[in-house]
Number of protein chains: 2
Amino acid sequence: MPQFASKISNEELEERFKEYLYKHNGKFTHERMAVLRIIYEDDEHLSVDAILQIARDRDLSVSRATVYRTLDLLVQSGLAKKHQFDGHETVFEAALKEGHHDHIVCVDCNKITEFFDGDLERIQNEILSKYGLVMVKHTHQLYGRCIRPNCPEKEALKTR
Amino acid sequence: MPQFASKISNEELEERFKEYLYKHNGKFTHERMAVLRIIYEDDEHLSVDAILQIARDRDLSVSRATVYRTLDLLVQSGLAKKHQFDGHETVFEAALKEGHHDHIVCVDCNKITEFFDGDLERIQNEILSKYGLVMVKHTHQLYGRCIRPNCPEKEALKTR
DNA sequence: ATAGATGCAAAGCATTTGCAGATAT
DNA sequence: ATATCTGCAAATGCTTTGCATCTAT
């Protein structure tokens with residue numbers, strides 16, 4: 001189910017999280033909100049360490065344990081996605097920020113590129129339904145190497 | 001009780017491993033051979049614990065550390081594949097036993113089904129080349145839920 | 001008022017590593 | 001002969017958890 005989510009406002013985001021927490025007898029705390037905000041305001045893929053660092057930089061007090069506990073909630077509520085790319089640390093990404101996409105990982109420079117292909121999505125659903133299942137989620141990563149001897153992305157990455 | 005016939009003979013398998021080891025100044029030991037054999041003769045997806053258990057059952061002496069070290073070699077040499085399915089322990093699979101395939105995971109009963117789709121493979125290569133990369137490998141898992149309220153596979157699994 | 005959250009430190013787990021003795025080549 | 005392995009146990013790194021204390025509701 002490749003749903004294209006449009007950009008979501010902070011209010012709606014907060015609303016969604018509160019709704020999920022209410023349903024699960026959870027409390028809406030400063031710490032949880034801090035993690036949610038960080039994931040939605042900082043692009044890219046954030047590791048637990050990165051999230052902790054950003055929180056520290058902003059003088060937001062969140063412990064490592066709470067970051068882990070909150071990330072679980074965010075993933076369960078569908079507000080965040082967890083990725084484990086081979087040879088990389090686990091990272092998290094805002095789920096409602098952009099449309100659905102999968103990832104290309106360059107094995108030379110580790111650059112991660114996002115892609116989306118409608119045919120691919122359709123075929124995946126067809127395969128699943130052939131086996132009598134409906135899609136819950138999927139994991140799809142393409143690991144590649146640049147055609148040129150030295151990955152051309154390396155330089156681009158350095159200047160970021 | 002292998003469910004599929006090997007595409008590769010034990011001799012060729014051994015040959016391939018020896019060749020890899022020779023190139024990398026590695027030694028062909030009983031322990032390494034034991035792990036290779038277990039992966040090729042037993043069930044589809046084996047965890048490290050499962051491999052150790054099978055080795056013990058056969059009175060093959062291999063330590064946990066050596067199993068880990070050997071699995072690294074097998075993956076690097078292309079003789080084994082490593083899979084990390086969400087919510088499952090890491091498992092290893094013989095790489096030259098069957099043709100390439102990806103996996104469907106039922107989130108209800110955890111049953112793992114293999115699939116292959118030529119269009120899917122072709123499209124993936126097209127996408128990568130569009131970004132100037134050539135495929136090294138890919139990770140592709142479809143997580144689904146049975147259409148029927150209670151996953152019909154659950155019972156089948158229990159009787160195994 | 002109280003169920004639930006937080007931080008801390010300790011515990012858990014899977015995996016890796018240093019080292020001394022063993023072994024393939 | 002010697003470079004490489006192996007087993008062991010200790011170490012690592014990431015994640016989870018128990019508990020006493022706080023806080024949202």
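A, B, ... follow the sequence lines: proteins, then strands. Residue 1 opens every chain. Keep in mind the model is a prediction, meaning the values are calculated, not measured.
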Grab the [atom1]-[atom2] distance between [X] and [N] for me, whole Å please.
X	N	atom1	atom2	result
Phe92(A)	dC14(D)	CZ	C1'	11 Å
His88(B)	dA14(C)	NE2	P	15 Å
Glu19(A)	dT25(D)	CD	C1'	18 Å
Leu71(A)	dC14(D)	CG	P	15 Å
Tyr22(B)	dT25(C)	OH	C1'	11 Å
Asp49(B)	dA14(C)	CG	P	7 Å
Gln84(A)	dT15(C)	CD	P	12 Å

Review point. What do the steps show when you test His45(B) against His103(B) for side-chain hydrogen bond (donor to acceptor under 3.5 Å, both in side chains), and what is the final call?
Key: CA-CA 11 Å; His45(B) 301 101; His103(B) 300 89; 3.1 Å; yes
Check your understanding: In the 5'-to-3' direction, what one-character label does each nucleotide of nucleotides 5-12 of chain D receive under the scheme B = base within less than 4.0 Å of a protein heavy atom, S = sugar-phosphate only, - = no such atom?
Key -> SBBB----
**Study point:** Val62(B) versus Ala55(B), closest heavy-atom pair with distance
**Key:**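 The answer is CG2-CB, 4.3 Å.
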Point to revise | Non-neighbouring partners of His30(B) that pass ring pair (Phe, Tyr, Trp, His ring centres under 6.0 Å), sequence neighbours left out | key: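 Ring pair (Phe, Tyr, Trp, His ring centres under 6.0 Å) check on His30(B) returns nothing, list empty.
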Point to revise | Pair Gln53(A)-Asp57(A), side-chain donor/acceptor within less than 3.5 Å | key: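 There is such a pair (donor and acceptor under 3.5 Å, judged by atom type) between the side chains of Gln53(A) and Asp57(A).
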Check your understanding: For Glu121(B) and His100(B), does a side-chain donor sit closer than 3.5 Å to a side-chain acceptor?
Key ->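 Their side chains do contain a donor-acceptor pair, which is all the 3.5 Å distance test asks for.
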Practice item. Check whether any side-chain nitrogen or oxygen of Tyr68(B) sits under 4.0 Å from OP1 or OP2 of dT15(C), and answer yes or no. Key: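 So the side chain of Tyr68(B) is within the cut-off, an N or O lying under 4.0 Å from OP1 or OP2 of dT15(C).
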Point to revise | Short side-chain to backbone donor-acceptor contact, Lys82(B) and Thr90(B), under 3.5 Å | key: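 Absent.
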